[in-house]
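I'd like to ask you about the structure that follows.
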2 protein chains.
Amino acid sequence: MEDEVQHWINRYMDAYMMVTRQVAARIKDSIAADTTNDQYQILRLIHAQEQCTSTYLAETFCVGKSSITAIINRLVQAGIIERTRDENDRRQVYLSMSEHGKRVFEAAESQVHEVVAPYLFHFEKKDIETFIMMFEKLASLIQNDNGGKSQ
Amino acid sequence: MEDEVQHWINRYMDAYMMVTRQVAARIKDSIAADTTNDQYQILRLIHAQEQCTSTYLAETFCVGKSSITAIINRLVQAGIIERTRDENDRRQVYLSMSEHGKRVFEAAESQVHEVVAPYLFHFEKKDIETFIMMFEKLASLIQNDNGGKSQ
DNA sequence: ATGAAACTGTTCTACAGTTGAACTATATTT
DNA sequence: AAATATAGTTCAACTGTAGAACAGTTTCAT
């Protein structure tokens, strides 16, 4: 039983590292050279969020807020992201994509899809569903498990 | 059909990012502060490989060889890794763990297992097998797809 | 109403990781 | 022997990360 768990974890880590690294490398080669993978992930989060703040990004991305400031500074400098202060609570700064930013994001997105899509055709529809659902269940388990280490 | 693929990719990316980031953050909090996640991944590769070279690590990790040099330099400086030149082909340098390195690696490994294992108990044995097998299939698809971009 | 506490985000310094070009040393090819 | 290929390193420039100190804003307790 214990051995089985160990074995699963090792297999998972092996496959996981391979997939993660290779997919990241392929996406990097594919999307415009001046946008990094992390920047693309940040753009995805901003795109999906109505009023996106640094705090939200820091929590979702699991990094400190100063990392977000650094990334956003570069994206602002590249004319991709714009900052807007909330007039009701002037502490908050909302992050949104400029028109140029939207074009950059959409181009990157379609490149990513071109990289990933071909692999899907090697799998049964049913298996893809199962795979994604397990991934989503895992994501929600992890998400609802903040702070409390045990269990 | 196209829409379905798009939808899958988006769901996959969402779940994937969440799991990747959260697990990485938890592992980082868990393993000794002076070993990074990337260093742990490198140690796993060295541990699994009989005679490990920089070139092998660079290819497997999908980075340039100079990145590997930088990582290995830090691990050598920390007394975790040792370099040994091949006497038959003096260009080659084999990387191996020192005794201290082995202890560091085993400690990190057991920490990682402690972080990951609890999540497994939320899943059916059968589903875990399916999940890992799909991951492994994906890994091997990607691996056997070097160079040729299309398909 | 005012002062303490909490919150949002930035700046700064130090470091890990990445890249790509230039380089050293060794081995192979012709 | 000279040209070429291979394995690895060095260097400079950059992205990403952490954590502490900080500034500005809001909330809360008394």
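Chain naming here is simple, since letters A, B, ... match the order of the sequence lines and numbering starts at 1 in each. The analysis underlying the following values was restricted to heavy atoms, covering all of them including side chains, and did not include hydrogens, waters or symmetry mates.
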**OP:** Ignoring backbone atoms, test whether B:Gln92 places a side-chain nitrogen or oxygen under 4.0 Å from the OP1 or OP2 oxygen of C:dA27.
**Re:**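 It does not, given that no N or O in the side chain of B:Gln92 lies less than 4.0 Å from OP1 or OP2 of C:dA27.
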Original post:
Taking for each residue the nucleotide of DNA chain D bearing the nearest heavy atom, is the 5' side occupied by A:Arg90 or by A:Gln39?
Top reply: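 Mapping each residue to its closest nucleotide by heavy atoms, the 5'-most match is A:Gln39.
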Original post:
Between D:dT15 atom P and A:Lys28 atom NZ, what is the distance in whole Å?
Top reply: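 Atom NZ in A:Lys28 sits about 13 Å away from atom P in D:dT15.
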Subject >> Side chain B:Arg91 and base D:dT6 donor-acceptor under 3.5 Å >> reply: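 Such a pair exists between side chain and base.
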Original post:
Atom CG of A:Asn37 to atom P of C:dT18: distance rounded to whole Å?
Top reply: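 From A:Asn37 CG to C:dT18 P: 12 Å.
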**OP:** Answer yes or no: does a side-chain N or O of A:Arg83 lie under 4.0 Å from OP1 or OP2 of C:dG9?
**Re:**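 No, A:Arg83 has no side-chain N/O under 4.0 Å of OP1/OP2 on C:dG9.
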Subject >> Residue-phosphate contact under 4.0 Å: B:Asn73 side-chain N/O, D:dT10 OP1/OP2 >> reply: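 Answer is yes, contact under 4.0 Å.
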Subject >> Distance in angstrom units between B:Asp86 CG and C:dA25 C1', rounded >> reply: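 Those two atoms, CG and C1', are 14 Å apart.
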**OP:** Send over the distance from A:Asp34 CG to D:dA13 C1', rounded to a whole Å.
**Re:**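 Distance check: A:Asp34 CG to D:dA13 C1' gives 16 Å.
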Subject >> Gap between atoms CZ and P, on A:Arg74 and C:dT11 respectively (whole Å) >> reply: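 Distance check: A:Arg74 CZ to C:dT11 P gives 13 Å.
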Original post:
Would you say A:Lys65 reaches C:dC7's phosphate, i.e. side-chain N/O to OP1/OP2 under 4.0 Å?
Top reply: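 For A:Lys65, the contact criterion (side-chain N or O under 4.0 Å from OP1 or OP2 of C:dC7) is not met.
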Subject >> Derivation of the salt bridge (charged side-chain N to carboxylate O under 4.0 Å, His left out) call for B:Glu99 and B:Lys102 >> reply: CA-CA 5 Å; B:Glu99 287 310 311; B:Lys102 282 175 195 164; 3.3 Å; yes
Original post:
So, is A:Thr55 near the phosphate of C:dC7, with a side-chain N or O under 4.0 Å from OP1 or OP2?
Top reply: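 False: A:Thr55 side-chain N/O out of range (4.0 Å or more) of C:dC7 OP1/OP2.
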Original post:
Does any N or O in the side chain of B:Ser54 come within less than 3.5 Å of the main-chain N or O of B:Lys65, such that one atom is a donor and the other an acceptor?
Top reply: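 No, B:Ser54 side chain to B:Lys65 backbone: no donor-acceptor pair under 3.5 Å.
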Original post:
Is it true that atom NE2 of B:His113 has more than 12 heavy atoms of other residues, nucleotides or ligands lying nearer than 6.0 Å?
Top reply: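 Result for NE2/B:His113: enclosed.
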Subject >> Rounded to 10 degrees, the angle between the two terminal axes of the helix from C:dA1-D:dT30 to C:dT30-D:dA1, each from five pairs >> reply: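 About 20°, once rounded to a multiple of 10°.
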**OP:** For B:Arg85, answer base if it contacts any base atom (sugar-phosphate contacts may also be present), sugar-phosphate if it contacts only those atoms, and nothing otherwise; contact means non-hydrogen atoms under 4.0 Å.
**Re:**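 It contacts nothing in the nucleic acid.
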**OP:** For B:Leu75 and D:dG8, give me the distance from atom CG to atom P, rounded to whole Å.
**Re:**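 That distance rounds to 16 Å.
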**OP:** Examine D:dG16: is either OP1 or OP2 under 4.0 Å from a nitrogen or oxygen in the side chain of B:Arg21? Give yes or no.
**Re:**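 Negative; the distance criterion is not met.
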Original post:
Roughly, in whole Å, what's the span from CG in B:Asn88 to P in C:dA27?
Top reply: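 Interatomic distance, CG of B:Asn88 to P of C:dA27: 9 Å.
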Subject >> D:dT9 OP1/OP2 closer than 4.0 Å to side-chain N/O of B:Ser54 >> reply: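 The answer is yes; a side-chain N or O of B:Ser54 sits under 4.0 Å from OP1 or OP2.
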Original post:
Looking at C:dG20, does its base get a donor-acceptor pair with the side chain of B:Ser66 below 3.5 Å?
Top reply: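 Yes, the side chain and the base share a sub-3.5 Å donor-acceptor pair.
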**OP:** Describe the nucleic acid contact of B:Ile71 in one word from base, sugar-phosphate, nothing, applying a heavy-atom distance below 4.0 Å.
**Re:**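 Sugar-phosphate only.
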Original post:
Would you say A:Lys137's side chain and B:Phe123's backbone share a donor-acceptor pair under 3.5 angstrom?
Top reply: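 Side chain of A:Lys137 to backbone of B:Phe123: no pair is present.
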Original post:
How long is the span from the OH atom in B:Tyr16 to the CD1 atom in B:Ile9, to the nearest 0.5 Å?
Top reply: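 So the gap between those two atoms works out to 14.0 Å.
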Subject >> Salt-bridge present (B:Asp38, A:Arg21; N to O < 4.0 Å) >> reply: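 Yes, this pair counts.
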Original post:
Of B:Val63 and A:Ala70, whose closest DNA chain C nucleotide lies nearer the 5' terminus?
Top reply: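 Result: A:Ala70.
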Original post:
Hey, what's the ring geometry for A:Phe131 with B:Tyr12, parallel, tilted or perpendicular (30° and 60° as the breaks)?
Top reply: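 Rings of A:Phe131 and B:Tyr12: parallel, under 30°.
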**OP:** Grab the CG-C1' distance between A:Leu57 and D:dG16 for me, whole Å please.
**Re:**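 Taking atom C1' of D:dG16 as the reference, CG of A:Leu57 is at 14 Å.
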**OP:** Answer with base, sugar-phosphate or nothing: what part of the nucleic acid does B:Ser67 contact at a heavy-atom distance below 4.0 Å?
**Re:**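 Answer is base: heavy atoms of B:Ser67 come under 4.0 Å of a base.
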Original post:
Any side-chain N or O of A:Thr69 less than 4.0 Å from the OP1 or OP2 oxygen of C:dT11?
Top reply: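 No, because none of the side-chain N or O atoms of A:Thr69 sits under 4.0 Å from OP1 or OP2 of C:dT11.
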Original post:
Will you find, in the side chains of B:Thr53 and B:Gln92, an N or O donor that is under 3.5 Å from an N or O acceptor?
Top reply: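 Side chains of B:Thr53 and B:Gln92: no pair found under 3.5 Å.
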